[in-house]
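Here is the structure we will look at.
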Amino acid sequence: MRLLRHFRLVTLLAGIVFVFPSCRLAQAQSGSLAATPPMGWNSWNHFARAVNDADVRAAADAMVASGMRDAGYVYVNIDDTWEGERDAQGNIQSNGKFPDMKALADYVHSKGLKLGIYSSPGPKTCGGYEGSYGHEQQDADTYAKWGIDYLKYDLCSYGGIMRKEAPDDQQKQWEMMQQAYEKMHQALLNTHRPIVFSLCQYGLDAVWNWGPKVGGNLWRTTGDINDYYDRMSVIGFAQAGLSKYAAPGHWNDPDMLEVGNGHMTPDEYRTHMSLWAMLAAPLLAGNDLSQMDDTTESILLNKEVIAVDQDRRGIQGDRVSATGPFEIWMKPLVGGAKAVALFNRSESAYPITVQFKAVGFDGAVHARDLWSGKDLGTLHGSYTAVVPKHGVVMLKLSR
Ligand code: GLA
């Protein structure tokens, strides 16, 4: 009798796993994939359409040589323009810039890094290359066969399909968009290879509400960044209020880093890096890693700032106050510590004061300045720092 009951229980459990296999896989994947915001490099911001196999290998080499890999940057992501024609069976092939994608993946893996790739749910990518429309499973299988670890899936021409199939019906268009992302999510799960799924549709239809449901490990919340303070800061500071949608496995993505690309001052790049860390944003460097100057390295490799981004509680920081152009942001960290950033968005240096009560401390706090690397000792009540134009002072506070 006991044996029979045992047998029934085993059959019941097996049945559940059989009926909901993707559910089981989704759980297994979300537990391990992107437990902290993904870190790595992406080709687009610097190389754009010109990227080729040699550039990606050089980026992988530089990630190791510079210490970036050991600081947590592991994904080497090829953006748009790698795609070639489909073969007679419909299999996607890389173009002449990438002669052997499997060999490239093997090379990247041999360095202790992971390889990412890019596609679109539409027939064409944003750069006009071959997209995955109608070939979703086939493409996911190809990626798995090559050894791909990360897919950025960019809406691009699927917008045209949505408008054509459901003209004047915005709601239906949004449903189609979600289904297109879910379709690739299922295709990736079917490969049984853990592949980080990066949604790129510029934040349309408040993607943070449904990104996790369609398997997004991260989702772009905005249009494209560029290497100018005005654009970077508009995007970064507009993330206020989104913190509740981020969690381990599922991150808001305000787009890739521009640090080191040359059109911002060191203070502006420190603001960029600090703000992205406060936002628990993916840290995907977007510069030419083989040509980094010391300032760029010191910004991308500040381990204490990286640790704020990668804090394992996975709580996104948010704005505490904005007084004109002076903003204070706070991010809770493990052990009750807090990262606090004082941002000066104005055109001249200015003293900014943080009241410790406003960021959740009463009594004495221990403070450390994460950019100067100096302990500020035990402080009471408040702290005032003169913050440079477009700059930041970033603190770690603990009891
Ligand atoms: C879109 C994306 C960018 C980049 C380009 C490539 O604009 O938002 O991040 O991937 O496409 O064509």
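By convention here, the first residue in the shown sequence is residue 1. Every number for a ligand or one of its atoms is a count from 1 in the order of the listing.
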Item checked: Residue pair M232 / M264: nearest heavy atoms and the distance that separates them -> CB-CE, 3.7 Å

Next item on the list: Please name all residues satisfying side-chain contact (heavy atoms from CB on, under 4.5 Å) with K172, sequence neighbours left out, ordered by chain then number.
Entry: A166, D169, E175, M176

Margin query: Using ring centroids (six-membered ring only for Trp), state whether F343 and F326 fall under 6.0 Å.
Written below: no

Please tabulate, line by line, the atom pairs linking an N/O of ligand 1 to a protein N/O at a distance below 3.5 Å, with the distance in Å to 0.1, or answer 'none'.
from: ligand 1; atom 1: 7 (O); to: D224; atom 2: OD2; distance (Å): 2.7
from: ligand 1; atom 1: 8 (O); to: R220; atom 2: NH1; distance (Å): 3.3
from: ligand 1; atom 1: 8 (O); to: R220; atom 2: NH2; distance (Å): 3.2
from: ligand 1; atom 1: 8 (O); to: D224; atom 2: OD1; distance (Å): 2.5
from: ligand 1; atom 1: 8 (O); to: D224; atom 2: OD2; distance (Å): 3.4
from: ligand 1; atom 1: 9 (O); to: K152; atom 2: NZ; distance (Å): 2.8
from: ligand 1; atom 1: 9 (O); to: R220; atom 2: NH1; distance (Å): 3.2
from: ligand 1; atom 1: 10 (O); to: D79; atom 2: OD1; distance (Å): 2.6
from: ligand 1; atom 1: 10 (O); to: D79; atom 2: OD2; distance (Å): 3.4
from: ligand 1; atom 1: 10 (O); to: K152; atom 2: NZ; distance (Å): 3.0
from: ligand 1; atom 1: 11 (O); to: D154; atom 2: OD2; distance (Å): 3.0
from: ligand 1; atom 1: 12 (O); to: D80; atom 2: OD2; distance (Å): 2.9

Note to self: For R345, give me all partners under salt bridge (charged side-chain N to carboxylate O under 4.0 Å, His left out), at least two apart in sequence or on another chain.
What the structure shows: E327

Table please: side-chain donor-acceptor pairs of residues 71-86 below 3.5 Å, with sequence neighbours left out.
from: Y73; atom 1: OH; to: L300; atom 2: O; distance (Å): 2.6
from: N77; atom 1: OD1; to: G116; atom 2: N; distance (Å): 3.3
from: D79; atom 1: OD2; to: N42; atom 2: ND2; distance (Å): 3.0
from: D79; atom 1: OD2; to: K152; atom 2: NZ; distance (Å): 2.7
from: D80; atom 1: OD1; to: T125; atom 2: OG1; distance (Å): 2.9
from: D80; atom 1: OD2; to: T125; atom 2: OG1; distance (Å): 3.0
from: D80; atom 1: OD2; to: G127; atom 2: N; distance (Å): 2.7
from: T81; atom 1: OG1; to: R49; atom 2: O; distance (Å): 3.3
from: T81; atom 1: OG1; to: K97; atom 2: NZ; distance (Å): 2.8
from: W82; atom 1: NE1; to: Y118; atom 2: O; distance (Å): 2.9
from: E83; atom 1: OE1; to: T81; atom 2: N; distance (Å): 3.0
from: R86; atom 1: NE; to: E130; atom 2: OE2; distance (Å): 3.0
from: R86; atom 1: NH1; to: G90; atom 2: O; distance (Å): 2.9
from: R86; atom 1: NH1; to: D139; atom 2: OD1; distance (Å): 2.9
from: R86; atom 1: NH2; to: G131; atom 2: O; distance (Å): 2.8
from: R86; atom 1: NH2; to: D139; atom 2: OD2; distance (Å): 3.0

Checklist line | K338 charged N/C atom sitting above F361 aromatic ring, 6.0 Å / 45° | finding: yes

